[in-house]
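One structure below.
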Amino acid sequence: MKLTYKEMDYTFNEIEPKWQEYWKKNKTYKVVEDKSKSKFYVLDMFPYPSGAGLHVGHPLGYIASDIYSRYKRLNGFNVLHPMGYDAFGLPAEQYAIQTGQHPAKTTDINIKRYREQLDKIGFSFDWSREVRTCEPQYYKWTQWAFVKMFNSWFNIDAQKAEPIEKLLLEFEKNGNTKVNAAHSETTEFSASQWNALSEKDKEEILLNYRLAYLADVMVNWCPALGTVLANDEVKEGLSVRGGHPVEQRKMRQWCLRISAYAKRLLDDLERLEWTDSLKEIQRNWIGRSEGAEMLFKLKDSESEILVFTTRPDTIYGATFMVLAPESELVDSLTTPEYRSAIEGYIADTKKRTERERMSEAKKVTGQFTGSYAINPFTNNPIPIWISEYVLAGYGTGAIMAVPAHDSRDLLFAKTFGLPIVQTVIRPGETPSDPSTWSESYDSKEGIVINSDIINGLDVKSAISTINNFVEEKGIGKKKINYRLRDAIFSRQRYWGEPFPIYYKDGIPYPLEDKQLPLELPEVDAYLPTEKGEPPLGRATNWQTSEGYPYEMSTMPGFAGSSAYYLRYMDPTNSEALVSKEANEYWENVDLYIGGTEHATGHLIYSRFWNKFLYDLGYVCKDEPFKKLINQGMIQGRSNFVYRVKGTNKYVSLNLRKDYDITEIHVDVNIVDNDILDTAKFKTWRPEFADAEFILEDGKYICGWAVEKMSKSMWNVVSPDDIVNRYGADTLRLYEMFLGPLEQSKPWDTNGIDGVFKFLRRLWRLFHDNNNSFAVSNEAATPQELKTLHKTIKKLTEDIEKFSFNTGVSAFMICVNELTEQKCNKRAILEPLTVLIAPYAPHIAEELWSLLGHSTTVCDAQWPVFDGKFVVDSTFTCPVSFNGKTRFMIDIPLNLPKEEVEKMVLENENTAKYLEGKPLKKIIVVPNKIVNVVV
RNA sequence: GCGGAUAUGGCGUAAUUGGUAGCCGCGCCAGACUUAGGAUCUGGUGCCGUAAGGCGUGGGGGUUCGAGUCCCUUUAUCCGCACCA
């Protein structure tokens with residue numbers, strides 16, 4: 001659709017820039033703490049400013065949150081709706097490596113472009129609160145929080161973080177034997193042992209307790225990127241960014257003891273208004289499993305092996321034991337005759353990457369160590385094996401294998417000919433020979449057999465009986481394990497937050513608060529040094545004034561985004577991350593909208609970060625995001641042309657069957673409603689200049705497919721193009737009209753004309769045939785009032801439940817009805833203008849000012865629904881026979897059932913559908929339906 | 001393999017939560033205005049059928065006076081996790 005200027009009565013291209021300028025000049029969206037009003041905090045996941053700019057998928061969530069923010073403001077709330085940039089990141093650094101340009105420079109350019117694009121869509125962001133994670137005055141507080149974590153430990157009994165000083169006092173008084181602290185592997189020591197240690201040794205031990213700590217950990221090392229990646233930055237053995245191979249390597253890294261918070265992160269999910277699926281993803285990620293740890297004595301030895309099991313009830317069926325190949329016990333367990341076999345097996349597993357292991361997941365491998373443990377209940381010796389299927393990092397790295405009741409154990413037992421003993425049976429069944437089973441019986445339903453002291457019990461009571469028994473005998477205890485692992489927090493990269501850490505005698509010390517921020521130094525190249533140190537190793541004088549070297553790694557991407565929502569509350573405060581006053585006013589985020597791709601990364605890290613700050617009393621709420629909505633992804637909708645093979649002829653979609661053709665992606669920006677602009681096609685690329693077309697009905701119709709929105713598919717649509725062509729209000733309405741917010745959908749401009757037409761019809765309600773503003777002050781008719789109030793009700797409900805697509809449709813119905821009623825009454829159009837303001841703020845401002853207002857429509861009042869305008873005196877009731885609707889009758893509202901029955905039976909149509917058959921029953925649902933059962 | 005989500009006209013979708021299936025929009029068909037129309041307006045448009053009528057919410061079964069909605073089962077697609085003991 002192309003309109004000439006003259007024809008256009010609704011001149012969005014004049015209206016929109018005008019009001020954007022007005023908002024800027026009048027600081028319409030600036031918000032300050034105001035205790036006389038209730039607060040509401042609406043947050044979008046801030047974008048990483050990439051060089052490609054925004055495409056139409058990005059604003060989807062922003063539009064939804066903007067509608068909600070504006071709606072809340074119209075309802076009298078003081079709404080915080082900020083925006084900023086997650087500005088540290090790999091692409092800028094990669095670009096810097098290639099071009100030598102400082103990443104700060106390209107980031108700045110990209111941010112400017114993002115801002116222009118965002119401004120054109122008319123968002124109500126308070127830009128005075130903008131944050132950029134790469135700015136020193138912002139990352140000062142990222143570093144500050146890290147220092148706080150360094151200086152804290154986790155008290156398991158209190159389930160909270162506490163200052164490290166408290167732990168020091170405890171060590172001096174009692175050593176580490178009494179305190180219940182989250183820690184890395186460490187040995188026990190008494191108070192006198194502790195007090196005798198050197199400072200260096202004390203610091204080494206303390207690192208095992210700090211929430212931010214240094215440890216030698218197996219990391220995902222990506223040689224191509226020269227850095228370590230977090231688990232969620234690796235997919236199928238390749239880096240998510242760039243797709244480079246990733247290998248396992250042991251390195252000394254900064255870690256965050258997020259595992260200490262596993263219980264709280266899991267339990268507190270209950271209180272959040274997040275979708276069940278998202279909570280489920282987090283639950284899976286945290287991975288709680290309830291079980292018991294049990295000690296198995298070795299045969300012919302004094303040592304013991306600790307195993308973790310979730311099925312202590314099956315202990316009588318434990319016929320062998322399996323250790324992870326990496327387990328430290330393996331060496332001492334291996335008997336001379338098996339040593340070479342064990343060493344061979346371990347060497348094999350080490351050689352294979354995680355990726356290879358995964359692709360051969362079904363293959364069963366293992367090796368006998370030569371040693372035996374004693375099953376503490378049967379007292380039978382059981383062989384100890386090692387196998388890849390036991391993970392060193394989970395539980396104790398050792399399992400008691402119960403082949404009858406665990407599928408992997410069964411497979412293993414069958415492969416290596418180990419004994420299988422059934423100990424659980426389905427109620428009512430008789431035991432069978434488990435060596436003939438094709439599947440193990442893993443279910444937690446059943447009755448225990450072959451198990452001495454627990455025979456005849458159901459699984460649940462058998463578990464607690466065994467647990468009590470082992471605890472009494474001191475050979476085990478109940479234990480809850482979590483899958484969640486500590487976050488590795490070092491990156492061997494330039495473009496990130498420097499650690500506020502220096503080393504004295506090889507021991508890390510944090511900087512004082514007043515020394516923060518520790519600014520990112522200049523370097524001559526953004527690459528590792530010759531010695532293999534991170535890029536910061538190139539900086540001159542990367543040391544304290546006393547000459548102690550600074551840490552050379554930088555923080556990972558999630559560091560800066562873990563507390564940004566707090567900084568928005570008080571973005572320029574130089575004394576604190578956020579002042580107590582600002583934090584107590586804004587509290588936490590009421591509504592958070594963003595993509596589901598952050599389910600296990602950002603959304604876990606920031607919950608952890610926030611809980612930590614809460615423990616130390618810096619913030620007043622222990623969860624950052626009360627309600628969270630995941631907007632669906634916008635996929636691309638690609639278009640194709642069909643080239644007849646060996647020619648430069650292109651055949652239209654429905655004629656292509658008659659030809660031998662090649663499918664070619666065509667730029668969707670030269671296709672309209674699947675019809676190719678053949679002239680533009682010829683100028684698109686040189687090879688198409690003399691293209692010929694085989695048309696159908698005079699048109700070239702393109703094929704289409706839903707694919708990822710990407711440059712190579714030629715299906716990227718920029719919001720700028722839509723804004724230029726139809727205006728921002730049309731873009732906003734259309735993105736909402738596309739379907740439910742949470743649902744993924746392809747971007748398809750085919751329906752956008754309908755939304756644009758709707759805005760023009762709205763405009764015309766306020767104008768006469770000469771496009772002069774013409775609104776009457778006459779009283780509204782009952783019919784007009786009914787239309788209005790129906791719409792008020794529907795829209796209020798829809799916004800409250802984030803059903804923005806049905807909201808747009810309600811507007812269309814309303815404008816259609818008012819157009820039919822030829823309504824131009826102020827009493828109707830003025831409230832309507834307010835209703836539409838959250839969705840289409842520019843046209844609403846224009847109409848609002850035409851209606852004679854001198855203040856912004858943002859400060860109007862949301863219309864109040866009055867039921868008295870929508871009541872009917874009669875109801876058109878559907879009458880159905882055996883559930884099939886046959887005809888309608890008008891009946892007075894709230895007519896007693898008996899009279900409705902009478903009316904139906906007397907109706908001339910009834911006899912026809914009874915067909916002489918006897919009437920069985922008649923069901924009358926008041927004001928809903930009548931069903932006649934024949 | 002485990003967990004989660006989705007499935008309705010040619011297309012995007014809607015359905016007061018167990019009560020008229022297909023609202024709104026696109027597209028399509030017909031007409032009006034017009035020098036013209038990719039503008040605007042009017043009417044039509046789930047499928048089969050000339051019609052009467054029949055059939056219809058991925059498939060099969062069930063509960064119910066009544067099922068897109070609830071239960072069982074099955075298929076397909078998408079997403080998350082993946083030897084977690």
Side-chain angles (χ1 to χ4, degrees), chain A residues 1-4 7-8 275-285 287-289 291 307-311 314 322 357-358 361-364 387-391 393-402 405-409 411-412 442 481-484 596-597 599-600 630 632-633 635 672-675 699 704 734 737-740 742-746 748-755 757-758 760-761 764 793-794 797 803 805-806 808-814 816 819 876-888 920-925 927-934:
Chain A
M1 176 167 39
K2 200 164 208 167
L3 293 171
T4 63
E7 283 168 318
M8 199 141 57
T275 59
D276 288 338
S277 68
L278 191 71
K279 287 192 202 178
E280 200 56 36
I281 292 172
Q282 291 221 339
R283 277 189 205 109
N284 274 334
W285 193 258
R288 179 184 195 272
S289 63
V307 302
F308 175 70
T309 178
T310 55
R311 294 294 301 273
T314 60
V322 188
R357 278 210 210 177
M358 266 163 63
K362 294 268 141 61
K363 226 168 110 186
V364 182
S387 174
E388 278 185 327
Y389 85 89
V390 176
L391 307 176
Y394 185 78
T396 61
I399 62 159
M400 61 177 216
V402 185
H405 305 293
D406 181 286
S407 52
R408 295 150 306 175
D409 295 347
L411 208 57
F412 195 83
D442 295 4
N481 257 328
Y482 295 95
R483 199 179 74 100
L484 184 70
T596 180
E597 66 271 21
T600 52
N630 289 119
M633 245 198 305
Q635 296 139 308
D672 195 12
N673 282 0
D674 290 335
I675 297 163
K699 298 168 193 163
W704 60 274
Y734 187 59
F737 189 61
L738 232 35
E742 295 93 330
Q743 213 166 288
S744 283
K745 53 230 154 188
D748 181 353
T749 24
N750 282 352
I752 201 167
D753 285 357
V755 168
K757 274 191 231 169
F758 154 74
R760 298 186 67 196
R761 283 167 72 112
R764 259 179 270 129
K793 181 165 190 277
K794 176 80 176 138
E797 287 167 0
S803 178
N805 55 325
T806 53
V808 178
S809 139
F811 279 128
M812 289 173 169
I813 294 167
C814 175
N816 287 350
T819 303
T876 308
C877 182
V879 180
S880 58
F881 291 79
N882 291 337
K884 283 199 195 305
T885 308
R886 294 303 182 176
F887 59 90
M888 315 289 274
K920 226 191 213 163
K921 201 175 172 189
I922 182 161
I923 288 150
V924 178
V925 185
N927 304 329
K928 276 263 166 75
I929 200 168
V930 174
N931 191 18
V932 184
V933 187
V934 190

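To find a chain, count down the sequence lines: A is the first, B the second, and so on, and within it residues start at 1.
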**Asked** Out of B:G19, B:C55, B:G3, which nucleotide sits closest to the side chain of A:Lys884?
**Response** B:C55

**Message:** Run the side chain to side chain donor-acceptor pair (under 3.5 Å) test against A:Asp748 and tell me which residues pass, sequence neighbours left out.
**Reply:** A:Arg637, A:Asn750

**Prompt:** Which nucleotide in the set B:U20, B:C55, B:C24 lies at the smallest distance from any side-chain heavy atom of A:Ile813?
**Reply:** B:C24

**Asked** Taking atom CG of A:Asn630 and atom CD of A:Gln743, what is their separation to the nearest 0.5 Å?
**Response** 13.5 Å

**Request:** Measure from the side-chain heavy atoms of A:Arg760 and tell me the nearest of B:A14, B:G4, B:A39.
**Result:** B:A39

**Message:** My understanding is that a pair needs two contacts under 3.5 Å, Watson-Crick or G-U wobble. By that rule, which nucleotide pairs with B:A51?
**Reply:** none

**Request:** Rounded to whole angstrom, note down the P distance from B:A5 over to B:U73.
**Result:** 15 Å

**Message:** Please give the distance between the P atoms of B:G27 and B:U34 as a whole number of Å.
**Reply:** 24 Å

**Message:** With a 4.0 Å limit, can you tell me whether A:Ser289 has a side-chain N or O closer than that to the phosphate oxygens OP1/OP2 of B:A85?
**Reply:** yes

**Message:** I need the CE-P distance between A:Met812 and B:G25, as an integer number of Å.
**Reply:** 6 Å

**Message:** If the cut-off is 4.0 Å, is A:Arg761 near the phosphate of B:U40, judged by side-chain N/O to OP1 or OP2?
**Reply:** no

**Complete:** Considering only heavy side-chain atoms of A:Lys928, the closest of B:C81, B:G19, B:A85 is B:G19

**Fill in**
From the candidates B:A85, B:A14, B:C24, the one with an atom nearest any side-chain atom of A:Pro740 is B:A14

**Prompt:** How would you list, by chain and number, every residue that makes a side chain to side chain donor-acceptor pair (under 3.5 Å) with A:Lys279, sequence neighbours excluded?
**Reply:** none

**Message:** Is the shortest side-chain heavy-atom distance between A:Val755 and A:Met812 below 4.5 Å?
**Reply:** yes

**Message:** Please enumerate all residues that pass side chain to side chain contact (heavy atoms under 4.5 Å, CB included) together with A:Glu742, with sequence neighbours excluded.
**Reply:** A:Ile629, A:Pro740

**Prompt:** Taking only residues two or more places apart in sequence, or in another chain, which ones meet A:Arg761 in a salt bridge (Lys or Arg N to Asp or Glu O under 4.0 Å)?
**Reply:** none

**Request:** Starting from C1' on B:G38, measure out to NZ on A:Lys757 and report it in whole angstrom.
**Result:** 10 Å

**Complete:** pair_partner(B:U20), Watson-Crick or wobble, both distances < 3.5 Å, evaluates to none

Hey, what are the protein-to-nucleotides 63-67 of chain B N/O distances that come in under 3.5 Å?
unit_1 : atom_1 : unit_2   : atom_2 : d
B:C65  : O2'    : A:Asn931 : ND2    : 3.1
B:C65  : O2     : A:Asn931 : ND2    : 2.7

**Request:** Report yes or no: does A:Arg764 contribute a side-chain atom to a donor-acceptor pair with the main-chain N or O of A:Thr819 at less than 3.5 Å?
**Result:** no

**Message:** Looking only at the side chain of A:Thr310 (C-beta and beyond, no hydrogens), which of the listed nucleotides B:C24, B:A85, B:U40 gets closest?
**Reply:** B:A85

**Prompt:** Does A:Tyr394 or A:Gly754 map to a spot on RNA chain B nearer the 5' end, using the closest nucleotide for each?
**Reply:** A:Gly754

**Asked** In Watson-Crick or G-U wobble terms, both distances under 3.5 Å, what is the partner of B:U35?
**Response** none

**Item:** Among B:C24, B:A85, B:G3, the nucleotide that comes nearest once only the side chain of A:Phe737 is considered
**Value:** B:C24

**Asked** Closest nucleotide of RNA chain B for A:Asn805 versus for A:Gly287: which of these residues is on the 5' side?
**Response** A:Asn805

**Item:** Residues that A:Asp406 engages under salt bridge (Lys or Arg N to Asp or Glu O under 4.0 Å), provided they are two or more places apart
**Value:** A:Arg408

**Request:** For A:Asn882, enumerate each residue passing the side chain to side chain donor-acceptor pair (under 3.5 Å) test, keeping only those at least two apart in sequence or located in another chain.
**Result:** none

**Message:** Could you work out, with side chain to side chain donor-acceptor pair (under 3.5 Å) as the rule, every residue matching A:Tyr394, not counting sequence neighbours?
**Reply:** A:Ser289

**Asked** Once you round it to whole Å, what is the distance between P of B:A82 and CD1 of A:Ile281?
**Response** 12 Å

**Item:** Annotated protein contacts, base or backbone, on nucleotides 6-11 of chain B with a non-hydrogen cut-off under 4.0 Å, one of B, S, - each
**Value:** ------

